Structure formats: structure tokens, C-alpha cells
Amino acid sequence: MKNIVWLLFFAITVASCEKVEPDYFDESANGAYFDYEYAADFNKTLNFGDYIVGNPDTVTTTLKVKLLGYLFDEERTLAVKTKEVEGYLPAGVAIDEVVFSNKEYEKEIEIKVKRPEIEGETYAVCIYLDGSGDIGAGVTGKTEVFLYVTESYEKPSVWYSNVETYLGAWSREKHRFLAQHTGNNQFYTTLYDSNTGLHVFDSIISLNVSSVNALLANEPQEPIELDIPILKETDYPDYTVPYFWSECEEYLGIFLASKFCRFTTMLGGSNTRDIAALFASDAAMQKMEEEKDNFHRMDVLEMLNEYYRYAMMDYPISEYKNLFWVELKNNVNYNVRIPFWWEDPNGLGTAEIVKKYFGEYSDDKYQFMLKTVMKEDGTENFIAASILPFRYDKELDAFGWDESLLGVKQLSGEERLKECYRMIKAANDKRPDSRKFDIPDVDVD
């Protein structure tokens, strides 16, 4: 037989016959014990509330056991049994046969624990070594472990301040949903930095947005019960289109997260639990009708913002209508923004060309330009970006002329720019006494 390793410190010798004796070494012993140091370690709790992801019917936990005495040359079985604990409902557990090879002196045995039938109730079982197998019970006081099993939920200590503001009041149902949604049983730990003692604001906002999107992505079979807050427009959340938006699109227009938040605030809505019914109410329909023009203005401004971003993406202007397009109206004063090529933030040289034809930028001037060319092209065909038909060349890192055929005359590039100039200059010069814009005189013939 060989001696086995048990001591917390080692007696090291230079000889090959080095020995390490166990804590409870007894030359004549053939036993085993649960390898825990403190009395509290022999009372263990398993909470199924900590295993929400996947909603398992069983959870496996382990217990550490060690042999007492010398190793044997043959395999030996260790009898691990269970018994009820007085005053508790019996916990359901299953334990496979425990076998020690001739080289093992310690191991972790797996205990498969069944989910309790009653949530909030505590079940218990005593797991013990009875010595009836090949290996006896070795140390008094270390042959029994009491396992207490429950499925219960408690409000995490981090759930206050920003967490409550952006995720709402804590509830068991919300806790379970957020764990399953994130795939993280301890999702709440990502919302708080224990090193700084501060909440992680970005993580909280991100969880709000992803959970709202998940709850509102598809029409639910049952009413939504979770009250995840809908953030206000000023928070600029990255919400995606909710399932009920298409029913309101005639009034609300294209989906924008800021518009969704703004209108939700108008209606007095605040969370996912009641937002869908609120949008479908008579009061909401009346408000949609009242705000229809404002929503249209928001859509046009968003279109101009998108066109600004498209400039460096090398999209041909002829494709803009398929990417993002809103039909402009003659009788609406829009909020506009300076086009990319007029501002020329990358210094490609287009600002100089644009100013040659149209002078310094102003919102009023650009809105006048849009409406003038729109009358010529027709509202159904006009693309706002077509007035300045430049296109970015990625290989040369320089601007070029867009070759898309645009407008009623089907012109491209510089010829389209000159034609737009002629229209805008002529329209502005028709009423010289009321001219508001400085459109330079340029010879384009």
C-alpha cells in the first residue's frame, strides 16, 4: 500500500520514498470523510433562483470527500446515502455510485438536485457516509452534510438609484425575464462596479434598451406584465420599431426612436406594460392627427441627416431613394441641415465649388433651394441630395461627380449642379424686391 496526501503542509525529503500523511492518518483505517474545515461548511444551501437561465429541472452540486489511511491496489466503492431532515420537506437528490481508483485519495462527488415543487418553500436532505461500502466512515462529525434546497428570489442589493430609474421597480417576474434575456443568472452584477462603488450607467441603459426591444418586438399572446420604463426622447435610446408601429404609420410616419419616445411621453405612457394599449387608444389617434405634420418634419430632417452620412459611403445618389426617402411637400417649412458637401468637414474641396454657385449656407436658403428644384423634378421623384451631385472616391480619398441621371432632364454630375443653379438663381431673381438670399452670379453657359 502507498501512503496518501492529507496534511496542509508537506514533509519533503530528498529520497524517492517521500511520505505525506493525512490530517487524520491512522495506519489501520479504511474510511472517508467530507473534506470541510468549518462547521458551517457542513450546511449547504442551493437556490434554484440562482439558476434561472435555461430553467433547469435539476442542478448539480458537488461535495468533497477524502480517504483516511493508505491507498489500496484495487478500486473501492464509497457508500453515500441520504435521509430526511426533521421539520423539512424532503429534497429530491440523485447520487451515482462513487468509486475510488487505486490512485485516488480525494474527489468531488456529484449530487443531482431536483427543483422544488413549491416556490419559496425550503426542502432539505442529509447526505451521509454510512460505511457500508468498501470504504468505511472515517471521522466523527465529518460524515454528514445537510443540503437545503429552495427556489426563492430577493431584490439584489444593487437595485436602487439608476437601476430603479431605468429598469423600474424590482419584481420576481422582471428578475427572471432579465436573467433569461441576458443569458446571465447574475445579470445585476454587471450594473454595478464594486471597485468604485458606483452603478455602471452605460450597462443599465443598454439593458433597458435591449429588454424594451425584446418585449415589443412581436405581438405577445398574453398582455405584457413587465413595466420596463420607456425612456424620454432626451435620453436618445436606440429602440427598434415596436410591433404596433405599422398600425400607426399613416400618422406617425417612419419609425424613429426619438419620435417613439416623444409620442409616448405626449400620451403619458411610461413603460412596456401599458404602452401598446395606449398607442391604440382614441386619445392617441386624436393626438397623432394633431401631430402629423410635426412627425413629417421629423422624418424629413432625419432623411437629411441620413444623406449627410451617406456622402462618405460611396452610394450613388440614384440609390438614395431606396435607402431612405421621404416625399417633401410644397406647403411645409422644414427643419433642415447643411449638406455634407457644402460643409465639407473632411476638406475635400467641395465647399469651394458649392459656395461658388450658392454662396454661404443658411437654413432658409437651403430650404428655398429644395423647394425650387422639387417643383421642377416633381415631389415623387425629387431626391434632396441631387442638388449637389458629388460622390466620394474611396480609392483616391477625393470627391468626384456622381454619374446618376437625375431630374426631369436626366443630367448627372457637374451638368446637374449647373442646371440646379439655373433653376434656383432664376426663382430667386423673379422677385428682386423680396430677395432674401444671396445667390452669386455665375456664368454656366
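Note that these values count all heavy atoms, side chains included, but never hydrogens, waters or copies made by symmetry. This is a predicted model, so every value here is computed, not measured.
Heavy atoms only, all atoms of each residue included: Tyr88 and Thr122 are closest at CD2-O, 3.7 Å. Taking every heavy atom of both residues into account, Asn335 and Leu304 meet most closely at O-CD1, 4.3 Å. Taking each heavy atom of Phe279 and Met285 in turn, the nearest pair found is O-SD, 4.5 Å. In this structure, Tyr392 and Trp341 approach most closely via the heavy-atom pair N-CH2, 3.8 Å. Residues Glu97 and Thr77 share a closest heavy-atom pair of OE2-CG2, 3.7 Å. Asp377 and Gly407 make their closest contact through OD1-CA, 3.4 Å (heavy atoms, listed as atom of the first residue, atom of the second, distance).
Between Leu278 and the choices Leu267, Thr264, Ile230, the side chain to side chain contact (heavy atoms under 4.5 Å, CB included) rule is met once, by Leu267. Checking each of Glu290, Lys292, Arg297 against Asn294 for a side chain to side chain donor-acceptor pair (under 3.5 Å) leaves exactly one that passes, namely Arg297. Partner of Ile254 under the side chain to side chain contact (heavy atoms under 4.5 Å, CB included) criterion, chosen from Met298, Lys259, His296: Lys259. Applying the side chain to side chain donor-acceptor pair (under 3.5 Å) test between Lys112 and each of Asp96, Thr60, Thr58 identifies Asp96 as the sole match.
Using a 30° and 60° split on the angle between ring planes, Tyr310 and Tyr307 fall in the tilted class, from 30° to 60°. Taking the six-membered ring where tryptophan is involved, the planes of Tyr366 and Tyr361 are tilted, since the angle between them lies from 30° to 60°. Taking the six-membered ring where tryptophan is involved, the planes of Tyr315 and Tyr320 are perpendicular, since the angle between them exceeds 60° and thus also 30°.
Both tests do not hold together for Lys114 against Tyr123: distance to the six-membered ring centre under 6.0 Å, angle to the ring axis within 45°. A cation-pi arrangement is present between Lys83 and Tyr128, with the terminal nitrogen or guanidinium carbon under 6.0 Å from the aromatic centre and inside a 45° cone about the axis.
Residues Val158 and Thr189 are not in side-chain contact: their nearest non-hydrogen atoms beyond the backbone lie 4.5 Å or more apart. Here the side chains of Leu348 and Phe390 are not in contact, with every heavy-atom distance at 4.5 Å or above. Using a 4.5 Å heavy-atom threshold, the side chains of Tyr153 and Ile52 count as touching.
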- Take Asn47 and Thr150 through the test side chain to side chain donor-acceptor pair (under 3.5 Å) and record every step on the way to the result. CA-CA 5 Å; Asn47 184 2; Thr150 186; 5.0 Å; no

- Query: Are Tyr192 and Asn162 close enough, and set up right, to give a side chain to side chain donor-acceptor pair (under 3.5 Å), and what steps lead you there?
  - Reply: CA-CA 10 Å; Tyr192 186 82; Asn162 285 326; over 6 Å; no

- side-chain contact (heavy atoms from CB on, under 4.5 Å) between Val200 and Thr190, intermediate numbers included: CA-CA 7 Å; Val200 184; Thr190 67; over 6 Å; no

- Query: Is there a side chain to side chain donor-acceptor pair (under 3.5 Å) between Glu403 and Ser412 once you walk through the steps?
  - Reply: CA-CA 5 Å; Glu403 297 180 359; Ser412 64; over 6 Å; no

- Message: Could you go through Glu164 and Tyr166, starting from their C-alpha distance and side-chain angles, then the distance that decides it, and tell me whether this counts as side chain to side chain donor-acceptor pair (under 3.5 Å)?
- Response: CA-CA 6 Å; Glu164 185 140 345; Tyr166 294 100; over 6 Å; no

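Taken from CE in Met374 to CD1 in Ile387, the straight-line distance is 10.0 Å, to the nearest 0.5 Å. Note that the OG atom of Ser362 and the CE atom of Met369 stand 9.5 Å from one another [nearest 0.5 Å]. Separating the CG atom in Asp238 from the OG1 atom in Thr240 is a distance of 8.0 Å, to the nearest 0.5 Å. The distance from atom OG of Ser404 to atom CZ of Arg391, rounded to the nearest 0.5 Å, is 6.5 Å. The CZ atom of Phe42 lies 10.0 Å from the CD atom of Glu37; values are rounded to the nearest 0.5 Å. The CG atom of Asn208 sits 9.0 Å away from atom CG of Asn213, with the distance rounded to the nearest 0.5 Å.
Using modelled atom types, no side-chain atom of Lys329 and backbone atom of Thr379 make a donor-acceptor pair closer than 3.5 Å. Remark: side-chain polar atoms of Asp402 are paired, donor with acceptor, to backbone N or O of Ile317 under 3.5 angstrom. At distances below 3.5 Å, at least one donor-acceptor pair connects side-chain atoms of Trp159 with backbone N or O atoms of Gly168. Of the possible donor and acceptor atoms, none in the side chain of Lys107 sits under 3.5 Å from a partner among the backbone N and O of Val98. Side-chain atoms of Thr61 do not come within 3.5 Å of backbone N or O of Ile111 as any donor-acceptor pair.
Within 6.0 Å of the OH atom in Tyr36, the count of heavy atoms belonging to other residues, nucleotides or ligands exceeds 12. Crowding of Asn322 atom CG: a count of heavy atoms from other residues, nucleotides or ligands under 6.0 Å exceeding 12.
Ion pair Asp130/Lys81 flagged as a salt bridge, since at least one NZ, NE, NH1 or NH2 atom sits closer than 4.0 Å to an Asp/Glu carboxylate oxygen. Salt bridge status for Arg176 with Glu173: absent, with no side-chain N to carboxylate O gap under 4.0 Å. Arg309 has a carboxylate O that lies under 4.0 Å from a charged side-chain N of Glu302, or vice versa, which qualifies the two as a salt bridge.
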